There are 2 protein chains.
Amino acid sequence: MAQESPTFSPLYRQIKSLILQALASGEWRPGEAIPSEAELAVRFNVSQGTARKAIDEMAAENLLVRKQGKGTFVASHNDPRAFFRFLRIVPIDGTLAFPQSVPLECWRAKAGLEASRTLQIAVGAPIIIVRRVLKFSGKPVVVDEIYLPGEIFQGLTLEVLQEYQGSIYSLFETRFGVRMIRAEEHIRAVAADRTSAELLKVAEGSPLLSVERTTYTYGDKPVEWRRGLYSTAEHYYHNELS
Amino acid sequence: MAQESPTFSPLYRQIKSLILQALASGEWRPGEAIPSEAELAVRFNVSQGTARKAIDEMAAENLLVRKQGKGTFVASHNDPRAFFRFLRIVPIDGTLAFPQSVPLECWRAKAGLEASRTLQIAVGAPIIIVRRVLKFSGKPVVVDEIYLPGEIFQGLTLEVLQEYQGSIYSLFETRFGVRMIRAEEHIRAVAADRTSAELLKVAEGSPLLSVERTTYTYGDKPVEWRRGLYSTAEHYYHNELS
DNA sequence: GAGTGGTCTAGACCACTGC
DNA sequence: CAGTGGTCTAGACCACTCG
């Protein structure tokens with residue numbers, strides 16, 4: 001017997017991708033509630049259980065947040081609980097506090113080979129580069145260099161960065177409509193160059209964590225590449241394996 | 001109205017903890033199939049859907065592995081697909097191959113303060129310390145120092161380590177009945193000391209990744225502590241954020 | 001009390017595996 | 001073909017939130 005459906009996709013996954021589409025198109029914005037399970041079931045003409053299963057998967061992927069009795073909400077980087085999902089550094093002595101982001105520079109450039117490859121844009125396409133320092137209780141711990149596709153982040157300036165209260169992903173979300181949903185990090189140990197050493201107030205040549213990150217929005221589209229240098233004298237990068 | 005169940009726990013979670021108990025007691029061993037959903041439903045006197053939901057959660061936590069048409073199996077470190085779940089280092093040039101573990105030393109000692117704290121055993125309790133090197137295509141990339149509670153790993157010797165084919169967690173599982181299910185890693189950048197530098201064939205003082213790991217078995221019981229020094233000249237530590 | 005998500009059930013049918 | 005997990009449905013009821 002010939003196989004009827006070589007690319008069989010269950011109903012709830014089709015519903016899921018429809019909801020995903022609606023999310024990507026901005027039908028509901030980060031922080032807002034999406035329609036109730038019952039409403040979605042009617043809209044997509046499936047049972048509530050099937051709509052539920054689609055939502056379940058998206059909640060497991062941190063795209064949606066369920067709140068019993070209230071509704072289901074589009075995940076947002078404005079939510080303080082989401083903050084440390086993408087910042088895995090914690091103080092050795094355990095006194096966890098929110099860091100302060102200090103933007104240093106923000107300039108325009110054209111994409112080189114590496115930026116072109118990681119951001120999947122043309123060589124020579126406009127990019128924006130941001131340099132900033134992250135301070136914990138006043139002490140510099142991380143220096144970041146952030147590469148962004150210029151087309152998406154038009155209007156991003158040092159002033160915008162300095163004025164904004166909240167995380168940089170929160171800014172991207174509210175001001176540029178770009179929601180970061182997933183990232184890959186490549187971590188290595190490197191020796192501090194002169195400028196980084198000065199910024200982090202460590203000796204030149206001392207070991208630093210180099211954290212290179214590619215960040216993706218809906219549809220696995222890369223929209224940020226960054227390299228962070230982490231001083232791990234009083235902090236460590238925390239990771240959970242399971 | 002007084003709240004009826006301040007510690008409300010749904011049925012499927014109770015079932016889950018019963019299955020967990022059976023797993024911890026060794027009723028089914030790693031790699032073996034557990035009873036079918038229908039059988040479990042009968043055994044615990046719930047509907048198949050409820051048994052299913054319990055299993056679903058455990059599969060999501062990598063405790064069980066579902067295989068359509070075949071059954072549900074206890075997760076095992078013998079499964080090669082599970083190998084890189086706990087070893088997050090990959091070559092820069094992408095040619096992923098299985099590393100070779102080279103045990104160097106294995107000796108007995110008594111737990112100091114740090115071992116006592118991380119392994120949750122008494123100070124002075126017997127521990128076993130293993131030193132080994134991990135080689136990728138013949139080149140040393142990681143040097144590990146592994147601390148184990150002596151009581152659990154009685155009979156572990158350098159010979160046992162050298163003879164065994166397969167990952168060390170696979171050995172722990174088959175020879176000592178200890179299954180690792182979760183770990184926390186603290187990652188920092190350090191300068192290579194003399195012995196590590198020699199083993200990894202890098203210059204003394206060059207930056208290395210220090211990966212400290214506490215590993216837990218069922219019931220969140222810590223059963224391993226280790227520090228790995230990773231040479232990241234030709235490899236990086238890979239992490240996914242979501 | 002109305003509306004939301006969360007649980008539980010029972011039953012039908014589909015997809016995959018292996019004998 | 002029988003046995004397994006996977007999907008889908010419909011309905012009842014529970015837990016939580018808010019007005």
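All of these numbers come straight from a predicted model, not from anything done at the bench. Letters go in sequence order (proteins before strands), and every chain restarts at 1.
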key: Contact summary for B/L209 and A/I187, nearest pair of heavy atoms   = CD2-O, 3.9 Å
Rounded off to whole Å, could you give me the [atom1]-to-[atom2] distance for the [X] and [N] pair?
{"X": "A/R66", "N": "C/dT4", "atom1": "CZ", "atom2": "P", "answer": "13 Å"}
{"X": "B/L40", "N": "D/dT4", "atom1": "CG", "atom2": "P", "answer": "11 Å"}
{"X": "A/Y12", "N": "C/dC14", "atom1": "OH", "atom2": "P", "answer": "18 Å"}
{"X": "B/I15", "N": "C/dC8", "atom1": "CD1", "atom2": "P", "answer": "9 Å"}
{"X": "B/K70", "N": "D/dG6", "atom1": "NZ", "atom2": "C1'", "answer": "16 Å"}
{"X": "A/L64", "N": "C/dG5", "atom1": "CG", "atom2": "C1'", "answer": "13 Å"}
{"X": "B/R13", "N": "D/dA15", "atom1": "CZ", "atom2": "C1'", "answer": "14 Å"}

Per [X] side chain, nearest of listed nucleotides [options]:
{"X": "B/Q68", "options": "C/dC16, D/dA10, C/dG5", "answer": "C/dC16"}
{"X": "A/V46", "options": "D/dT9, D/dT7, C/dT4", "answer": "D/dT9"}
{"X": "A/F8", "options": "C/dG5, C/dA10, C/dA15", "answer": "C/dA15"}
{"X": "A/E37", "options": "D/dT7, C/dT9, C/dG6", "answer": "C/dG6"}

task = Could you identify which residues of residues 50-62 of chain B place a heavy atom less than 4.0 Å from some atom of DNA chain C, listed by residue number, or say none?
result =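 Within this stretch, B/T50, B/K53 sit under 4.0 Å of the strand.
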Quick check, are the ring centers of [X] and [Y] under 6.0 angstrom apart?
{"X": "A/Y230", "Y": "A/H235", "answer": "no"}
{"X": "A/H77", "Y": "A/F86", "answer": "yes"}
{"X": "B/Y169", "Y": "B/F83", "answer": "no"}
{"X": "B/H238", "Y": "B/F84", "answer": "no"}

task = Output yes when at least one side-chain N/O atom of A/S47 is less than 4.0 Å from OP1 or OP2 of D/dA10, else no.
result =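 It does not, given that no N or O in the side chain of A/S47 lies less than 4.0 Å from OP1 or OP2 of D/dA10.
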ask   = Has A/R188 got its NZ or CZ under 6.0 Å from the middle of the six-membered ring of B/Y236, at an angle within 45 degrees of the ring axis?
value =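 No, cation not above the ring by the 6.0 Å, 45° rule.
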inquiry  = Could you tell me if B/K67 sits above the aromatic ring of B/F73, with its cationic atom closer than 6.0 Å to the ring centre and no more than 45 degrees from the axis?
reply    =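 B/K67 over B/F73 ring: yes.
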request  = For A/A38 and for B/Q48, locate the closest nucleotide of DNA chain C by heavy-atom distance; then report the residue assigned to the nucleotide nearer the 5' terminus.
outcome  =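 First, find each residue's nearest nucleotide; the 5'-ward one identifies A/A38.
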inquiry  = With nearest nucleotide decided by heavy atoms, which residue, A/Q14 or A/G69, maps closer to the 5′ end of DNA chain D?
reply    = A/Q14
